[in-house]
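Remember, it's 1-based here, ligands and their atoms both numbered in the order they're listed.
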Amino acid sequence: MVSEKTIEERLKELRTAIALYDFHYYVQDAPIIPDAEYDALFRSLQQLEQQYPQLITPDSPTQRVGAPPLKAFAQLPHQTPMLSLANAFSEDEVTAFDRRIREALGVDQVEYAVEPKFDGLAVSLVYENGILAKGATRGDGYTGEDITLNLRTIPSIPLRLQTLPATGLFEVRGEVIMLKTDFEHLNEQQRKHDEKPFVNPRNAAAGSLRQLDSCITASRRLTFFAYGIGTYHAGQPVFSAHSEILAYLASQQFLVSQQSRTATGAGGLLAYYREISTLRPSLPYEIDGVVYKVNDLGQQETLGYISRAPRFAIAHKFPAQEASTELLAIEIQVGRTGALTPVARLAPVFVGGVTVTSATLHNEDEVQRKQIMIGDTVIVRRAGDVIPEVVAAIPERRSAHARPFIMPGHCPVCGSKAVRLPDEAVTRCTGGLYCPAQRKQAVLHFASRRAMDIDGLGEKLADQLIDRGLVHTPADLYRLNVGTLAGLERMAEKSAHNLVTAIEHSKHTTLPRFIYALGIRHVGEATAKALAGQTGDLDHLMNMDAGQLQQIPDVGPVVAQSIADFFSEAHNREVIGQLLNSGLQWQKPDHPRQLLPANPAVSGKTFVLTGTLPAMTRDQAKSRIEQQGGKVTGSVSSATSYVIAGSDPGSKYTKAVELGIPVLDENQLLLLLQINSADKSEDS
Ligand code: 9MJ
């Protein structure tokens, strides 16, 4: 019979390990063990807890889910009110904000903490003695709803704090959001189950968080970003600036925006706004502006509050990305693969900083599901450089003249029959390369920047080349000369010359680009890379059957079939032959890829050791880290990956907290060291 003490130790080991792997997966965005191994650990913990339910603790990773649904949310008063922020919509308003602050403080220049403004739901997390005890929505700022059970399911929310003296209260505040990729994934699922898709990630996050059944919340992928603290009791670290708070939160394994930093004066604020505006489309989450906060907490206190907002902070909002307008007509566009896409013609509307007159409606089902009718008032969304889309109709404003949309039975360009296969959302023109629209799109795709990168071959030119019969397939591009091109509209000799040079230039390419350029259905850039990487050779790839193709990572049955079909088509083989004959070439890899045996959790990482470790001497720890390709240095800087803290840690620990470097204990270090490189999949 195993003693309960040993069981307790084993439980603790499992919980620590799972928490560490969760941190790497959800916060660092870099998993360090294979999924199967993680699942096995999780199951061990579940089984052991089932046997010994009296040993279950609230911070156990198994306790993120499992409670029965609630009847209603309880009200939870905030010990420190959760105030909202005042808004600024123009540069002038920001300059005025900075002026007010300087005048109130009687200083020439102010340092601000600047951060993205997450477009999600503000929540408060209360840690009692270092353990997550309560979580609530903002509510009216004074009382929120108790959504503890739901918040516990969010894997980027630590269930316990790392290195606190662990007494009293510590309240963390931030925003629950849904990452753009998780939103896409969720809507795919919704469509698959014939349920209404969510309009945007914010609504999806809100809908997922306000569920009385926390199992539903757990099934949605939500993310928590920390951006501040509320009530905290004495004995906690002492902060003198907002940036120190953020660094502390990062050291406690919270997710903190990588874009948070400090800036000085109105000039610094506006430069940050412009920088984040540019970055916005590439961020993995949606933001609706940036937030400026006076960094010094003493100065914050001096400035105080006006009505319900702090005087020391302001949100500088981006122009709205959604607006309503009239849907004048629905036209049909024919894509590269023959897909007929309904496109909305709109009464001009200013949205996302530009005037929009058309927007995609995606496909027939989307139009039906969103119950959009021609003549409706609709909500149009334009996010960054993304193609504008119609997200919803406003049925309350429907006129008597609104009429339904009917998908045509024939291709509007070539007149071929349009069909929709049973399992597909898309109606396609059956004309194939007989259809000029498809030929045009195939040529444009082939020439596009991420494919063969033929500069200067745009839509207008492709129209002329196809319509005049100069180009039927991409291979024909390599037969064009200055003489032929110079005869076209809006094509002077110089541009003809440039285009021929660009076409010539494109002959030196890479295998992944070439595969991508072929425009095989379902083969995007990532798949093209995988195909090139795994086969290393076009001939080889062209002769693989669907079964062999499925052995390639990320290639499922549908993709495999599509690739095999493409290469078995005589016409496609002919075009590829012509392309290679015209001199297209790429470098062959010297030898097939080999996986480097390395422990990704340690190799290339920089560690700093501080305090007395319970089991290892510092030298032992150092040599084990070094054996696995890690580096141990004596001082903490922003280049440090982890600080390993034992008992009585010194100034290095304080420095880690200041800089927001994750702090691990010896157990967690041991776990990192035990990760066996032989088990690693290549992308973990
Ligand atoms: C958001 N939404 O990202 C605050 N926020 O600070 C950030 N919101 C905030 N800070 C005080 N980054 C009240 C609200």
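Rounding to the nearest 0.5 Å gives a distance of 13.0 Å between OG1 of Thr217 and CZ of Arg152.
A donor and an acceptor atom, one from each side chain of Asp146 and Thr148, are located under 3.5 Å apart.
The closest approach between any non-hydrogen atom of Pro116 and ligand 1 is below 4.0 Å.
When each of Val349, Leu327, Val391, Ile394 is tested with Val378 by the rule side chain to side chain contact (heavy atoms under 4.5 Å, CB included), just one qualifies, namely Leu327.
Of the options Leu246, Val290, Leu85, Ile287, the smallest heavy-atom separation from atom 14 (C) of ligand 1 is shown by Leu85.
At the top of the distance list for atom 4 (C) of ligand 1, counting protein heavy atoms only, stands Tyr227 CE1, 3.2 Å. Ranking protein heavy atoms by distance to atom 10 (N) of ligand 1, first place goes to Lys293 NZ, 2.8 Å.
Under 4.0 Å from ligand 1, the heavy atoms of Glu115 that appear belong solely to its side chain. Under 4.0 Å from ligand 1, heavy atoms of Phe118 appear from its side chain as well as its backbone.
Within the listing of ligand 1, atoms 13 (C) sit less than 4.0 angstrom from a heavy atom of Leu83. Here is the list of ligand 1 atoms found below 4.0 Å of a heavy atom in Lys117: 1 (C), 2 (N), 3 (O). Residue Glu175 approaches ligand 1 through these ligand atoms, each under 4.0 Å from one of its heavy atoms: 2 (N).
You'll find the ring centres of Tyr305 and Phe312 inside the 6.0 Å limit. Ring centroid separation for the pair Tyr232 and Phe239 comes in under the 6.0 Å cut-off.
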Could you walk me through whether Tyr285 and Phe225 pass ring-ring contact (aromatic ring centres under 6.0 Å, His included), step by step? CA-CA 11 Å; Tyr285 42 75; Phe225 274 89; 5.0 Å; yes

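Taking the six-membered ring where the residue is Trp, Tyr272 and Tyr292 present perpendicular rings, their angle passing 60° and hence far from 30°.
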